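Data first, discussion second: the structure below is written as structure tokens.
First the proteins, then the strands, lettered A, B, ... as listed; each starts at 1. All of these numbers come straight from a predicted model, not from anything done at the bench. What you see below is based on every heavy atom in this structure, not just the backbone, and it leaves out hydrogens, waters and symmetry mates.
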Protein chains: 2
Amino acid sequence: MPDSQIKQATLRDVADMAGVSYQTVWRVVNEHPHVAVDTRERVLQAVRVLDYRPHRAAQVLTTGRSYILQLVIFEYAYGDPLPAILHWAREFGYTMVVTELKDATSTEAVRATLRETAQMIDGLLMVMPYPHLSYEALAELCQGRPFVVVNTELGAKMPSVVFDQRHGTRQAVEHLVALGHRLIAEISGPLDNCDAQARHETWMSMAERYGLDARLSVAGDFETCSGYGAAKRLLGLGQPFTAVLVGNDLMALGALRAFDEAGLRVPEDISVVGYDDVDVAAYLSPPLTTVRQEFDILGRESVEYLVSLIEDARTPIQQRVLYPELIVRQSTRSLNASPVGV
Amino acid sequence: MPDSQIKQATLRDVADMAGVSYQTVWRVVNEHPHVAVDTRERVLQAVRVLDYRPHRAAQVLTTGRSYILQLVIFEYAYGDPLPAILHWAREFGYTMVVTELKDATSTEAVRATLRETAQMIDGLLMVMPYPHLSYEALAELCQGRPFVVVNTELGAKMPSVVFDQRHGTRQAVEHLVALGHRLIAEISGPLDNCDAQARHETWMSMAERYGLDARLSVAGDFETCSGYGAAKRLLGLGQPFTAVLVGNDLMALGALRAFDEAGLRVPEDISVVGYDDVDVAAYLSPPLTTVRQEFDILGRESVEYLVSLIEDARTPIQQRVLYPELIVRQSTRSLNASPVGV
DNA sequence: TGCCGCATTGTGAGCGCTCACATCGCGATG
DNA sequence: CATCGCGATGTGAGCGCTCACAATGCGGCA
């Protein structure tokens, strides 16, 4: 490892080389008017030769703008929107700092994390499905820096971009009902998670509307293995059911495994609907009927909104709502087998 | 959105409040000796009241140290080591900037990306399974900043942390051979990827050792759907085989689907071995025999090594090699069915 | 009593960039 | 010909922190 950093050229180095003042160089670099054509040429030449580029830290110090955003990811919400967010941040000219936050429930832990990078960043993107912090609390934690919450409660009065979980779940239940299912079970996600909560509540209200048994519900934690365990518990209840609505695809995958072990076929014996449409969903056996969330669009909207909050003070506080879409594959089928269970 | 950032207290604000010079405050904050006990107390009191914290950008400007690392992720290598790297970076007191790089083959694109953050970061972690850049080329691109390459060729003479793909593949093939398989096919990853390449080469040399047919090999691109397609192609070859070695778990999942559609049972008709041991592997039907790579350890070693390169100039250039482990589940079984194919 | 040493505290310069303002020169105008 | 306007360029201060060095004060020792 060459242990000496290569010394970067500064504004003054360029100025010396071009035989002008550093201010003139600054004007050229920042494309300000009132620079003679030949002067500009000489300066640009020097910039090229010295491979000059402005020192970001110095710019931050003087302007207060860093063109760095921070993505704070809370447990469980991992992974999915990240690639899209990285992509779009770059697209909008921002660098992304990514922070994982295990203990999302401790306000002090959040505060400590945000403090570390506080003066370095222009805004925050919080993937925070735990609706335990009010707008005011978040604003205080973010110390007045703009922020956008990704995936929080529908109707939360804060800058946010969300999927309408109700819409997705409604489609899924109606799909099952249209196929003739009336004994529909649910494997929900962790109910302190607002997505899981919204999906669960919608399922309950749909259950009421269609006269389904709303007690046929167990909770997992969104991980594959919890879906496996939840399906086992569901089977152990001794209640008959012909379809299962699962809180996300990973748990659905675990549930498929549990049904397989129990000698139950999907979709012949049980129809299964997932949520998310993760990459592998289409290649499970059987390919999973699920609710697709377009994370790329979520990512783009989130970054775009945050950037406009940063760059234009008139940007209003709003919630941008995206609508998921039911993708019907082969894990659901019209009811023709007898119910399993007792 | 409150549009005025909350003005941060500076060293001077604290100094004024405590009635000392900014230098004294600096000494207290940076825990230097030679400060009278009562002075220190007054200063700390003021620090607390004003919620002072040093301005990172100013520190970067004066010290040249930012305590920010950059993670550069090239296509395909997505996802897996990221959580561990984020976790350990934080653990070591560093903030992580994450950059995705689509076009890894263009040196100019890499250079442009690295330029953006060049003066802001202390070192780079490159998850770069394309061994197209020499140590010298990388050092030049990184402009003398320390870097560690995660997951490159075994034996590459550069600061790096890698899994021994040969070891993993050897275990997998020997497992199949021990079960009696001699007609073993391969679905490899994309061969410009050094992991895929190493696994493929090892498979070929193992094929030679055990007298297997090394032509029974098709390539995918590590994505689920390509595993599905590759398995179809394999079946279309008309050559009998009793086991498949797959380049990663996602493709194995796709292959399982293809076999299912072709009416072939796993493991009764075909044994399948994956690679990676992703979370869902244990819950597929059947649970997948695979080679586990401990990404958490990879992440920790990478960050730890990079940090020591940054903080201790005497740290030698080395390659840290980790060994993957075969996890036997139910997708492989002793040969007792007749070969499929023609 | 004078001087040294050391603990304690303060000063000044500078990192590289930004920005308000000052200066200079030249052609146009009354 | 004095004056104005404005294009082109330069100066100075300051962002907040770091660090080398200077200054102050007090006890101890010859």
Side-chain angles (χ1 to χ4, degrees), chain A residues 5-44 46-47 50-68 115-122 143, chain B residues 5-44 46-47 50-68 115-122 143:
Chain A
Q5 316 276 103
I6 295 169
K7 175 77 173 83
Q8 274 303 316
T10 77
L11 221 42
R12 270 173 179 90
D13 297 333
V14 178
D16 289 349
M17 180 164 192
V20 294
S21 76
Y22 56 86
Q23 173 64 296
T24 303
V25 176
W26 182 79
R27 283 203 185 90
V28 172
V29 171
N30 294 60
E31 290 169 332
H32 272 230
H34 308 316
V35 178
V37 201
D38 57 330
T39 312
R40 152 169 287 117
E41 267 321 307
R42 256 184 313 145
V43 170
L44 287 177
V47 164
L50 297 173
D51 188 33
Y52 167 79
R53 80 203 74 152
H55 193 298
R56 302 260 314 245
Q59 288 180 313
V60 176
L61 190 58
T62 50
T63 62
R65 294 274 277 111
S66 66
Y67 292 90
I68 300 179
R115 278 182 64 109
E116 289 172 21
T117 46
Q119 321 91 335
M120 290 287 280
I121 59 156
D122 288 345
Q143 314 222 346
Chain B
Q5 318 275 103
I6 294 168
K7 176 74 175 84
Q8 273 304 316
T10 77
L11 221 40
R12 270 173 179 91
D13 297 332
V14 178
D16 289 350
M17 180 163 192
V20 294
S21 76
Y22 55 85
Q23 173 65 297
T24 303
V25 178
W26 183 80
R27 283 203 185 89
V28 172
V29 172
N30 294 59
E31 290 169 333
H32 272 230
H34 308 314
V35 179
V37 201
D38 57 330
T39 312
R40 151 172 287 117
E41 267 321 307
R42 255 183 314 146
V43 170
L44 287 177
V47 163
L50 297 174
D51 188 32
Y52 168 80
R53 82 206 74 155
H55 193 298
R56 300 264 309 249
Q59 287 180 314
V60 175
L61 191 58
T62 49
T63 61
R65 294 273 278 116
S66 66
Y67 291 90
I68 300 178
R115 276 182 65 108
E116 289 172 21
T117 46
Q119 322 91 337
M120 290 287 279
I121 60 156
D122 288 346
Q143 314 222 348

| message | Distance check needed: dC17(D) P versus His32(B) NE2, whole Å only. | response | 15 Å

| Given atom CG of Leu61(A) and atom P of dC15(C), what is their separation to the nearest angstrom? | 13 Å

| request: Would you kindly give the NE2-to-P distance between His55(B) and dC17(D), to the nearest whole Å? | output: 8 Å

| request: Check whether any side-chain heavy atom of His55(A) sits under 4.5 Å from a side-chain heavy atom of Thr10(A), and report yes or no. | output: no

| request: Respond yes when some side-chain nitrogen or oxygen of Gln23(B) is under 4.0 Å from OP1 or OP2 of dT11(C), and no when none is. | output: no

| Going by heavy atoms in the side chains, are His32(B) and Trp26(B) under 4.5 Å from each other? | yes

| said: Check this one for me: any side-chain N or O of Thr39(B) less than 4.0 Å away from OP1 or OP2 of dT9(C)? | reply: yes

| request: Find the distance Met120(A):CE to dG16(D):C1' and express it as a whole number of Å. | output: 13 Å

| remark: Among dT9(C), dC17(D), dT11(D), the one nearest any side-chain atom of Ser21(A) is dT11(D)

| query | Atom CD of Gln119(A) to atom P of dG16(D): distance rounded to whole Å? | reply | 10 Å

| task | Can you tell me the distance, in whole Å, between the CZ atom of Arg56(B) and the C1' atom of dC15(C)? | result | 17 Å

| query | For Arg12(B) and dG12(C), what is the distance between atoms CZ and C1' respectively, to the nearest whole Å? | reply | 10 Å

| field | Pairwise 5' ranking along DNA chain C for Pro54(A) and Pro33(B), keeping only the more 5' one | value | Pro33(B)

| request: Compare side-chain N and O positions of Gln8(B) against OP1 and OP2 of dG16(D) and report whether any pair is under 4.0 Å apart. | output: no

| field | Worked check of side-chain contact (heavy atoms from CB on, under 4.5 Å) between Val29(B) and Arg53(B) | value | CA-CA 9 Å; Val29(B) 172; Arg53(B) 82 206 74 155; over 6 Å; no

| Step-by-step side-chain contact (heavy atoms from CB on, under 4.5 Å) determination, Arg115(B) to Asp51(A) | CA-CA 10 Å; Arg115(B) 276 182 65 108; Asp51(A) 188 33; 2.5 Å; yes

| said: Could you tell me how far apart Leu11(A) (CG) and dG14(C) (C1') are, to the nearest whole angstrom? | reply: 16 Å

| query | Can you tell if the side chain of Arg56(A) reaches within under 4.5 Å of the side chain of Tyr67(A), non-hydrogen atoms only? | reply | yes

| query | Do the side-chain N or O atoms of Thr62(B) get closer than 4.0 angstrom to the phosphate oxygens (OP1, OP2) of dT18(D)? | reply | no

| Does dA13(D) have OP1 or OP2 sitting under 4.0 Å from an N or O in the side chain of Tyr22(A)? | no

| message | With hydrogens left out and only the distance checked, is there a donor-acceptor pair under 3.5 Å joining Arg53(A)'s side chain and the base of dG16(C)? | response | no

| note | Judged by nearest nucleotide, the residue sitting upstream toward the 5' end of DNA chain C, Arg42(B) or Tyr52(A), is Arg42(B)

| message | Can you tell me if Thr24(B) touches the phosphate of dG10(C), counting only side-chain N or O atoms and a distance under 4.0 Å to OP1 or OP2? | response | yes

| said: I want to check one thing: is the phosphate of dC15(D), taken as OP1 and OP2, less than 4.0 Å away from some side-chain N or O of Thr10(B)? | reply: no

| message | Counting only side-chain nitrogens and oxygens, does Trp26(A) get under 4.0 Å of the OP1 or OP2 atom of dC17(C)? | response | no

| message | Regarding dT8(C), can its base be found pairing with the side chain of Arg27(B) as donor and acceptor, where the two atoms are less than 3.5 Å apart? | response | no

| His34(A), nearest nucleotide to its side chain (from dG7(D), dC15(C), dT8(C)) | dG7(D)

| query | Starting at the 5' end of DNA chain D and moving along, which residue's nearest nucleotide shows up first, Gln59(B) or Asp38(A)? | reply | Asp38(A)

| query | Base, sugar-phosphate, or nothing for Val20(B), non-hydrogen atoms under 4.0 angstrom? | reply | sugar-phosphate

| query | Does Val60(B) reach the side chain of Arg65(B), with side-chain heavy atoms less than 4.5 Å apart? | reply | no

